[in-house]
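What you see is a predicted model; the values in this text were computed from it and never measured. Numbered from 1 within each chain, the chains take letters A, B, ... in sequence-line order.
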Number of protein chains: 2
Amino acid sequence: MVKNKKDSTTEARLLAAAKKVFTTKGLAGARMQDIADEAGINKAMLHYYFRDKDKLFEVIFLEEANKFFPKINKIFESDMPLFEKIEQFVNEYIDEMLENPYLPWFILNELNRDADQFLSKIWDIKNRPNPAKLLQQIEREVKKGTIKKISPIHLLMNLLSMTIFPFIARPMIERNLQMTAAQFDNMIAERRKEIPKFILDSIKK
Amino acid sequence: MVKNKKDSTTEARLLAAAKKVFTTKGLAGARMQDIADEAGINKAMLHYYFRDKDKLFEVIFLEEANKFFPKINKIFESDMPLFEKIEQFVNEYIDEMLENPYLPWFILNELNRDADQFLSKIWDIKNRPNPAKLLQQIEREVKKGTIKKISPIHLLMNLLSMTIFPFIARPMIERNLQMTAAQFDNMIAERRKEIPKFILDSIKK
DNA sequence: ACTTTTATTAACCAAATGGTTAAACTGAAT
DNA sequence: ATTCAGTTTAACCATTTGGTTAATAAAAGT
């Protein structure tokens, strides 16, 4: 595998370092000096390329959000059968989490800290998850009688919860259930099938 | 309702303020001055009563953890039938979250930041959730054939996820599903029945 | 060869922040 | 009335931290 030239530029190295530090320490906890050290590059370069801390944060967040959420929305809005949609959602989400385990944490953290600022300034409305179509689809299926009667909101909440929560709670899970990283990854792999199965068993007639 | 005298002492007011500020801003993001202002009390008093920021944080965390987790562990370890246990867990957890919506956030945040330090120094091992008994019970039920075949770990993960996640993701849920606070509370109330029902439907034979 | 632009560094700065201190206040015990 | 411990305040201090700058090196253009 040939290393992409861009990956070793100053800018790219700073971005990678920032991603790592923001992830583990949060926006407030991250130090510009830590990021510079992690990249092995002078701190002034962070300001040279990204102006200030908030801008740097924004760049990192948007890069990932713009890649990921459109994919999720495409699934939500497609014309697939409900169960297939659920399967695809779980798989897509887990794929993303394995590549960027920090993302949900990142988002929820900042959303918790200051939702207004985060949503209006940083998170473009086009890229926010929009499950409206999925909710309608569930309602239709219930009315048609193809699945058991269930509130669409609760089904959606259950789907999101079971998919996302393990990644947010990873440190707690690994500790309290005495799992190694490998065991955790293995468990996540199983969930690609377990979650859709669990849901199907619950709502099928 | 007569106001408890203790609730208006300087120490208690500082604690309440700290709880609020730590909750919304996190440990790193919280400012001692913010906490003092929130309490309407001189900043020096924070140091007078709690020595330093970390100690203050510790006091707040332990107070709640020592109240809550023993309750949860008692449920995990009791001899109730599985389904009743699930119901009680959900109800107990939701009760706690309504009173202290910040708790799971608080814990996961610090656990994510620095698990080792947090667990060894702050979170006494006696108060950590210990679901071993519940896992065994699920395994027994599967073997007896009273419920469908399911991995105990995944069932536990599903239970925790569906119960806890909505509180962690609250700001995102309220925004993206355009819910008011009242609607959110209402949805949570419904989940007391929805979660056990969803699980039962999925695992019953 | 030279000039100009871009990239990089080390030293520096101002503001924020956790923490200290000395003085003053309060209320009960003597 | 005085003392004395506990409480409270404003001013202060040292360090951290985000951000700037002036000087310099490297690259690109002429």
Counting heavy atoms from C-beta on, name the nucleotide in [options] closest to the side chain of [X].
X      : options                  : answer
Y49(B) : dG18(D), dT7(D), dT6(C)  : dT7(D)
K53(B) : dT8(C), dG18(D), dG19(C) : dG19(C)
H47(A) : dT20(D), dG19(C), dA7(C) : dT20(D)

Just to verify, what does N186(A) make a side chain to side chain contact (heavy atoms under 4.5 Å, CB included) with, not counting sequence neighbours?
E190(A)
Taking side chain to side chain contact (heavy atoms under 4.5 Å, CB included) as the test, write out the residues that go with D95(A), two or more places apart.
R192(A)
Other residues, nucleotides and ligands only: do more than 12 of their heavy atoms fall within 6.0 Å of NZ on K20(A)?
no
Using the ring-ring contact (aromatic ring centres under 6.0 Å, His included) rule, take F89(A) and F76(A) through it: C-alpha gap first, then chi angles, then the decisive distance, then the call.
CA-CA 8 Å; F89(A) 172 85; F76(A) 278 157; 5.5 Å; yes
Measure up the W123(A) and F69(A) rings against each other and bin them: parallel (under 30°), tilted (30 to 60°), perpendicular (over 60°).
tilted
Respond yes when some side-chain nitrogen or oxygen of R31(A) is under 4.0 Å from OP1 or OP2 of dT16(D), and no when none is.
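No, because none of the side-chain N or O atoms of R31(A) sits under 4.0 Å from OP1 or OP2 of dT16(D).
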Residue-phosphate contact under 4.0 Å: T10(A) side-chain N/O, dT8(C) OP1/OP2
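Answer is yes, contact under 4.0 Å.
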Residues of residues 38-46 of chain A with any non-hydrogen atom less than 4.0 angstrom from an atom of DNA chain C: list those, numerically ordered, please.
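Going residue by residue through residues 38-46 of chain A, the ones with a heavy atom under 4.0 Å of DNA chain C turn out to be N42(A), A44(A), M45(A).
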How many whole angstroms separate atom [atom1] of [X] from atom [atom2] of [N]?
X      : N       : atom1 : atom2 : result
F50(A) : dG18(D) : CZ    : P     : 16 Å
D34(B) : dA16(C) : CG    : C1'   : 11 Å
I35(A) : dT16(D) : CD1   : P     : 18 Å
D54(B) : dT17(C) : CG    : P     : 16 Å
M32(B) : dG18(C) : CE    : P     : 7 Å
D37(A) : dA10(C) : CG    : P     : 12 Å
Y48(A) : dT9(C)  : OH    : P     : 12 Å
L56(A) : dT17(D) : CG    : P     : 16 Å

Report the distance from atom CD of E194(A) to atom CG of N158(B), rounding to the nearest 0.5 Å.
7.5 Å
Nearest 0.5 Å, please: how far is CZ in R140(A) from CG in L135(A)?
11.0 Å
So A36(A), base contact, sugar-phosphate only, or nothing? Heavy-atom distance under 4.0 Å.
nothing
